[in-house]
Protein chains: 2
Amino acid sequence: MASKATSIDIAYRAGVSQSTVSRALRNSPLVNPETRQRIQAIAKELNYKVDKNASNLRTQNSHTLALLICEDPTNDDSLINPFFLSMLGSITRATAQQGYDLLVSFQQLSSDWHADYEDSNKADGIILLGYGDYMDYEQKLLKLLEQDTHFVIWGAEHNNKSVLSVGCDNHQGGVSATEHLLSLGVSDIAFLGDASSHSPEFRDRYLGHVSAMKAKGIKADKRKQFDAINTEASGFDAANLLLDKGLSFDGIFAASDLIAIGAMRALHLRGVRVPDDVAIVGYDDIPVASFANPPLTTVKQNTRLAGEILVDSVLKLIRGQAVSPQLIQTELVVRRSCGESDPKA
Amino acid sequence: MASKATSIDIAYRAGVSQSTVSRALRNSPLVNPETRQRIQAIAKELNYKVDKNASNLRTQNSHTLALLICEDPTNDDSLINPFFLSMLGSITRATAQQGYDLLVSFQQLSSDWHADYEDSNKADGIILLGYGDYMDYEQKLLKLLEQDTHFVIWGAEHNNKSVLSVGCDNHQGGVSATEHLLSLGVSDIAFLGDASSHSPEFRDRYLGHVSAMKAKGIKADKRKQFDAINTEASGFDAANLLLDKGLSFDGIFAASDLIAIGAMRALHLRGVRVPDDVAIVGYDDIPVASFANPPLTTVKQNTRLAGEILVDSVLKLIRGQAVSPQLIQTELVVRRSCGESDPKA
DNA sequence: CTGAAAGCGCTTACAG
DNA sequence: CTGAAAGCGCTTACAG
């Protein structure tokens, strides 16, 4: 293969110095317009592209962001959390819009921490997805902080104020899900999802649920909270456990859509009808939610906006601009899993 | 922030030359084991990471692959083809396993062709997903070929033998879907999906369908093929069109799961029961398929294997090893959308 | 407006 | 086994 053209080749053909070629190609005002045009024409003809390794080495930045997604190790390998997938899409788009490239990496909790992208100058900053569990990641985050790495983390606000987070308002989301159920006369509500500090996002949703109940003078029954991680299988198991306990309930608030869908499968198998016998609300509004049977009412996280804010935040960090944690509002998407609702309610 | 440590800093502390540091860090046998250990200890202490821009510039390769996903422009922005998402996951994994990084980019058909990753030395090779429509992409592919870019394309085998493709055997998939329906006594089958040369993958599935019918002495009825692109909405529309025509049918072979799910929604709304009145088979086995109601029988594309082969193929191309187009076998996943099947059938 | 020159941080032949 | 030196292909002060 013909070896790639360099700026020197172009300089030779254009009869100018290599410095001038570099300037012309970067649209420097320091170069004669005619010369610039001639150089750019030659560059195009030779299909010349600036060598990123060389220019990045010289300028000491990469115009590249890295996205690290931590997979829940209990997930089937082929089944990545659909919510993350949707985030990935929006982050990719937002990154491209800003003229940056995106390096993507899936990590297992157990595996080596690959976050040396920035140390090795392959990326100017990092976005972390799925690193919500402080207990497990605290150490790694502190290390990043220590190294002055530019990073943003998706999720709840971090105890350590130096960690920049962007996330949806999980408490508010929990409130609106529960208020919706309550408005339909459903008040004996089970919560499916881990409510411990290991899952700060789920926990905040639970807390929102509890406070919405409290606002109506109802005390949430702790026995009706069942741990579940973000998988269909886990939701299936949790619902079965709930059923086995023989506790009464006329509504379920699932901490995620996947949990809700698993729960609906369990209910269906046990002859419990949704929404006739039990109303159910999910969380995330993943694409599957609208295809569920019945279509799932859920708390939507605006992934498009989230991606934009995440990218915008790292970029600000990189440029040394002021940044603060962002909380994105959620939106209730009403479908049929809670029965016919009065639109005026 | 303390500026990053370089190999010179390490050399200084270790009392050796920078060349020796470089050798030690790359585990060159040319370096005294004790010296190596000392150097590596210092590197670790300083949290030193080799500057990729510098080493890539020097070695002229990036140890990075680029993945270009072409989105169907008709799709909702937030709703990326779930099959591609699943591929993305497996490609990411396979890439990491080979010690490469992955640059991901979503492109619109209309947008500028960003494929200069390799030209700019940001990537050593490119994987193309969603560039199946020859009519639209032919020119771009030829350009890549002309520039000696290392790339693999997902999909049907290309007319141009120089284009390396990896794909599932769509014809065989079509055959097995139809054979399954036939084995259940369903033989009046409608096909939902574009069967033109614009969708070579769908077309091959259709051709497989036709030949399976023919093998049983049945001529596929052309009037019962309805165009649809790979979206739920398009499947919904196609099924309605089919219903409107008033043609008889007791089975549907949908060219994708999304189409099948849209079709099932249309059938449900019109009071047609699945599988009682109509049996339906989809294609892809996307995660949603098992959550559909009823769970969808479908032709599974092995995305994990596909990702591995795709990555393996570009890597071979990069290394100058022999490569040839690969065809991956599909697998029928029987669920309930075709009714109870006799496992011995 | 242009050119000569330094230097980004590595890797690797070359000489010892 | 080790060091001095060249060079990967750029960008950008510096001098004109």
| note | The complete set of ring pair (Phe, Tyr, Trp, His ring centres under 6.0 Å) pairs with one or both residues in residues 19-70 of chain B, sequence neighbours excluded, reads B/H63-B/Y100
| Pairing residues for A/I8 by the side chain to side chain contact (heavy atoms under 4.5 Å, CB included) criterion, not counting sequence neighbours | A/T6, A/Q18
Pairs under 3.5 angstrom only: tabulate donor-acceptor contacts from the side chains of residues 307-323 of chain A to other protein residues two or more places apart or in another chain.
| unit_1 | atom_1 | unit_2 | atom_2 | d |
| --- | --- | --- | --- | --- |
| A/D312 | OD2 | A/K316 | NZ | 3.3 |
| A/S313 | OG | A/I309 | O | 2.7 |

| remark: Heavy-atom contacts, protein to nucleotides 11-16 of chain D, under 4.0 Å, summarised as B (base), S (sugar-phosphate only) or - (none) per nt, yield BBB---
| field | Strand contacts (DNA chain D) in residues 29-40 of chain B, 4.0 angstrom heavy-atom criterion | value | B/P29, B/L30, B/V31, B/N32, B/P33, B/T35
| task | Could you pull out all residues at least two apart from A/K52 that satisfy salt bridge (charged side-chain N to carboxylate O under 4.0 Å, His left out)? | result | none
| task | Quote, to the nearest angstrom, the C1' distance that separates C/dG16 from C/dT12. | result | 16 Å
Would you be so kind as to tabulate the donor-acceptor pairs closer than 3.5 Å made by side chains of residues 38-46 of chain A, with sequence neighbours excluded?
| unit_1 | atom_1 | unit_2 | atom_2 | d |
| --- | --- | --- | --- | --- |
| A/R38 | NH1 | A/A14 | O | 2.6 |
| A/Q40 | NE2 | A/A24 | O | 3.1 |
| A/Q40 | NE2 | A/N27 | OD1 | 3.2 |

| said: Test of understanding: with side chain to side chain contact (heavy atoms under 4.5 Å, CB included), list the residues that count as partners of B/N32, not counting sequence neighbours. | reply: B/E34, B/T35
| What pairs with A/L327 under side chain to side chain contact (heavy atoms under 4.5 Å, CB included), at least two apart in sequence or on another chain? | A/D169
| request: Mind checking side-chain hydrogen bond (donor to acceptor under 3.5 Å, both in side chains) for B/T92 and listing every partner two or more places apart, or none if nothing turns up? | output: none
| task | Dot-bracket notation for DNA chain D is requested: 5' to 3', Watson-Crick or G-U wobble pairs only, both distances under 3.5 Å, with ( ), [ ], | and . as defined. | result | |||.||||||||.|||
| request: Output all residues satisfying side chain to side chain contact (heavy atoms under 4.5 Å, CB included) with A/D51, sequence neighbours left out; order by chain, then residue number. | output: A/N53, A/A54, B/L57, B/Q60, B/N121
| Strictly by modelled atom types, are A/T303 and A/S86 linked by a side-chain donor-acceptor pair under 3.5 Å? | yes
